[in-house]
Each structure stands twice: as C-alpha cells, then as structure tokens.
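Note that these values count all heavy atoms, side chains included, but never hydrogens, waters or copies made by symmetry. All values reported here derive from a predicted model rather than from experimental measurement.
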Amino acid sequence: MTIAARSAATKDRQPGSPLEVLLIFLKLGVTCFGGPIAHLGYFREEFVVRRQWLDEQAYADLVALCQFLPGPASSQVGFSIGLLRAGYLGGIAAWTGFTLPSAIALVLFAFGSSLLQGAVGGGVLHGLKLVAVAIVAQAVWGMAQILCPDRARASIAVTAAVILSFSASSAAQIATIVMGGAAGLWLCRVEPQAGDGEGRLSTPVSRRAGLSAIILFFLLLGGLPILEKLGHSQAVALFDAFYRSGALVFGGGHVVLPLLREAVVAPGWISDNVFLAGYGAAQAVPGPLFTFAAYLGAVAGPSPNGIAGAALSLIAIFLPGLLALIGVLPFWEIFQRRAGAQAAMRGINAAVVGLLGAALYSPVWVSAVATRADFALALVGFVLLTAWRAPPLLVVAVGALGGVALALSAS
C-alpha cells in the first residue's frame, strides 16, 4: 500500500493548510533538542504516532530517502512532511517553523546574548541531552517493532548497527543503507499485494519540477564561483561559501562544521575564537544545527553581515538540500512501484533502524549518560514517552529541571 493510501486508511483527513503546518513546526522548532537523530524521534512522535499524517513505513521511507541526499536530513524530512500535507507552501512553512526559532536565537547571541553559564545553565543543557537519549530510544524501540518484525529484517538492523558502531562517517552510513537495500533484495521478497503497484511517495512534485530542481542545484554549484569571480561581489562569495557547504555534506549536523570552518575562517571573515563561541551557542538551542550559518553570516567581517548576512547564509546552506530533495522525490515514487524496489526498501528501512540504534549509543548516549543518576533521568524520560504518552514538551521540562537538580547536588 502506498504512503498516501496507507495514511488515508489509517485516518480520514483533508489536505492541511500551510498555517497549520507552520504552527506545528514552530512548536517543534522551540522544543526539538538533541541534534538530527533526536529530531527524527520528535517528528515520528508528532506525525506518525499522534497526528497520523503518515504511517511508520512512509516515515521510514522519507528518512531513508533523506539519508541518501546532501544536506540536513531532519530538516529535509520536515520539509517533506509539510510538502505532503499542504503542498509547496506547506513545505516552506515546515522549514520556516522548524528553522526560525534557533536561527533567531543564534542571531541574538551574535549581537551580544550570553550563553547559559554556571551550575544552573550547565544543568539545563545536560538535562536536555538526557531528553535526547529518551527521544532517540523511543524512536528506535517504536520503529524496530514495525520495521523489523522478522528474523531477516532484525538481522539487517543489527548488522547495520554493528557496522556503524565502528565507523559512523557519512560514507559508512550511505554504504550501510546500500547494504540494507541489497540484503532486502535477497532476504525480504514477498508475494505482491493488491495496491503494491502504486507509488509509495505520492507528492505534489512533478517530474518537470524535479528535473528543474536538479538542474538548478548543479547550476548554482558550478555557477556561483564563476559569478563571484566575474563580479567580485562579497554577497555572492558569502552565498557560495554556505551553498557549497550545504551541497557537499551528507548526514548534516556536526558533519558540516569542518566545511563551514574552512568556508569562513580560512578567508579571514571570522576568527577561530568567534567561530567556536558560536558553535558553543548552537548546542544550547533547539532545531537544526545548520542554523549555525545564521550566526556566522551575522558576524562575518565584510558586508553583508548582520541581519542581511544571517538571512543570506541561512538560505544558502539549506537551499541545496531542499533542491536535491525536490529533484529526487518524483523519481523515488516511480522507483518504489517495482516489486524488487519494495523488497530493497524493506531492507533499507531495517538498516535505518540499525543506523538509529548505533546513533543512540554514539553520539547520543556517550555524550550524555555519565553517571547512574544520568541513566535514571533518561529512563524516566523514556517511560514518560512510551508508557505515559507524555508530550515531548513536558519531557523536555522534566529533563531540564532534572538536569538542574543533578548539577546543584553535585556542586
């Protein structure tokens, strides 16, 4: 059954509005702490479990697709959900709502806001890391039950987790997902079911629009450096630096930091100290780490900087990932109509569970859980999410207050 068909069968729904999407993603934009893997957990809870905008298989398909593409995977998944719900304006609304809160916070920091300091501030940040542990653990648990129901898929997931436990590079992630697809072709074939011939990602993106997005992606990648040399424009140079960083990184999150440092520190636009101070601030805000670009654009040396530089840099770093997503979506639908592709997707979905499982250990667990008290607080968050079905915002509040209590008791 397709994403659209399965979702409609799960819950009768009318197409949503961009305003609806914007408001929901604004809430997520101020509550989603913990990095891209944790964001995927928040999205799953909000849109698969609570609102049932799409089902578990559809969500896993989106995650698998976005893992293949350059750019920030969690932001691409969010854009896709908005696109499926309310068309192009819904996609833009989802991106805007999820991105603006952290971008605004980092621009404010660029203009003089101070980081959280002392025992209380450090406790809040540590508690939010423990919330991320609970969120990711919930996502792994829920997705494994749906996507790994048999020995073959469970074995694929475990194999993927083992591989990624030794190497979590973006190349290893992509190779593991490809391995999952190959294993799915071999181990996960089933007899065709009625309706399986339909496309699994029924999106409002046409083939023409997809091809146009791919062409624009490469035109900007190759044309911006030429345009910058011809016009000697700092605005074009700034846009090119952030566009290239967003276009050449897979997996998003912390992987983009070396590229950003090379893009802005090497030419002398920003000092290492200013760069690292902004990176520290980025850990204290919710939402995608790519919004670090807004801070960098605001503090960059030559004009444009300030609000204009922040906006230019923010759009530039997200644009290539969104263009790549729009370009691939209509052809991904065609690909998934084939029986062999469905078997491969079963294996890929299982590999995605393994990827999340490996990420649960590193970096999520190892960077947050250092003591028995840390483990206890993370466990409380997990039980609140899974057994009590508590809203993530409540769990965030409990984690932050618990982190403060742990910090004060240790001081």
Salt bridge between Arg51 and Glu46, side-chain N to carboxylate O under 4.0 Å? yes
Do Leu355 and Ile177 have side chains that get closer than 4.5 Å, going by heavy atoms? yes
With a 4.5 Å limit on heavy-atom distance, are the side chains of Leu329 and Leu83 in contact? yes
Starting from the C-alpha separation in whole Å, work towards a yes-or-no answer on side chain to side chain contact (heavy atoms under 4.5 Å, CB included) for Phe25 and Glu20. CA-CA 9 Å; Phe25 273 92; Glu20 172 198 31; over 6 Å; no
Nearest heavy-atom approach of Val63 to Val77 is CA-CG2, 4.1 Å
Heavy atoms of Val30 and Pro101 approach each other most closely as CG1-CB, 3.6 Å
Below 4.5 Å, heavy atoms only, C-beta onward: do Phe242 and Leu314 meet side chain to side chain? no
Min side-chain heavy-atom separation Trp53-Leu84 under 4.5 Å: no
So does Pro70 get a backbone contact from the side chain of Gln76, meaning a donor-acceptor N/O pair under 3.5 Å? yes
Gly180 and Ile156 have their tightest heavy-atom pair at CA-CG2, 4.1 Å
Taking the side chain as every heavy atom from C-beta outward, state whether Pro330 and Val205 have any atom pair closer than 4.5 Å. yes
Output, in order, the C-alpha distance, side-chain angles, deciding distance and verdict of ring pair (Phe, Tyr, Trp, His ring centres under 6.0 Å) for Phe375 and Phe382. CA-CA 10 Å; Phe375 171 73; Phe382 178 76; over 10 Å; no
Atom CG in Leu26, atom CZ in Phe98: separation rounded to 0.5 Å? 11.5 Å
Can you tell if the side chain of Leu238 reaches within under 4.5 Å of the side chain of Pro304, non-hydrogen atoms only? yes
Hey, are the side chains of Phe331 and Leu211 touching, using non-hydrogen atoms and a 4.5 Å cut-off? yes
Ile24 CD1 to Ile81 CD1 distance, which is reported to the nearest 0.5 Å: 10.5 Å
The test is side chain to side chain contact (heavy atoms under 4.5 Å, CB included); show your working for Glu56 and Gln145 and say whether it passes. CA-CA 10 Å; Glu56 199 79 63; Gln145 290 179 307; over 6 Å; no
For the residue pair Leu220 and Pro320, establish whether any side-chain heavy-atom pair is separated by less than 4.5 Å. no
Under the side chain to side chain contact (heavy atoms under 4.5 Å, CB included) rule, what do Ile214 and Leu323 come out as? Steps first, then yes or no, please. CA-CA 6 Å; Ile214 290 295; Leu323 287 176; over 6 Å; no
Test item: Asp374 side-chain N/O and Ala370 main-chain N/O as donor-acceptor pair under 3.5 Å: yes
Gly306 versus Phe111, closest heavy-atom pair with distance: CA-CZ, 4.0 Å
Using the rule given for side chain to side chain contact (heavy atoms under 4.5 Å, CB included), can you reason through Leu406 versus Leu377, listing the C-alpha separation, both sets of side-chain angles and the distance that settles it, and then say yes or no? CA-CA 9 Å; Leu406 293 178; Leu377 184 55; 4.1 Å; yes
dist Glu228:CD -> Ile226:CD1 (nearest 0.5 Å) comes out at 11.0 Å
Test item: Arg346 side-chain N/O and Arg153 main-chain N/O as donor-acceptor pair under 3.5 Å: no
Output the distance between atom OG (Ser75) and atom NE2 (His39), rounded to the nearest 0.5 Å. 8.0 Å
Quick check: does any side chain N or O of Tyr243 sit under 3.5 Å from a backbone N or O of Phe217, one acting as donor and the other as acceptor? yes
Shortest non-hydrogen separation from Leu106 to Tyr295 and the atoms involved: O-CD1, 3.7 Å
Would you say OH of Tyr88 has more than 12 non-hydrogen atoms from neighbouring residues, nucleotides or ligands within 6.0 angstrom? yes
Donor-acceptor contact below 3.5 Å, side chain Asn305 vs main chain Ala298: no
Distance col, row Trp95:CH2 vs Phe79:CZ, nearest 0.5 angstrom, shows 10.0 Å
If you apply the rule ring pair (Phe, Tyr, Trp, His ring centres under 6.0 Å), what do you find for Phe47 with Tyr59, and how did you get there? CA-CA 9 Å; Phe47 300 111; Tyr59 182 68; 8.4 Å; no
Under 3.5 Å, is there a donor-acceptor pair between the side chain of Thr99 and the main chain of Thr96? no
Just verifying a value: how many Å separate Gln138 CD and Arg389 CZ, rounded to the nearest 0.5 Å? 6.5 Å
Might you point out which heavy atoms bring Gly287 and Ser102 nearest each other, and give the distance in Å? CA-OG, 4.1 Å
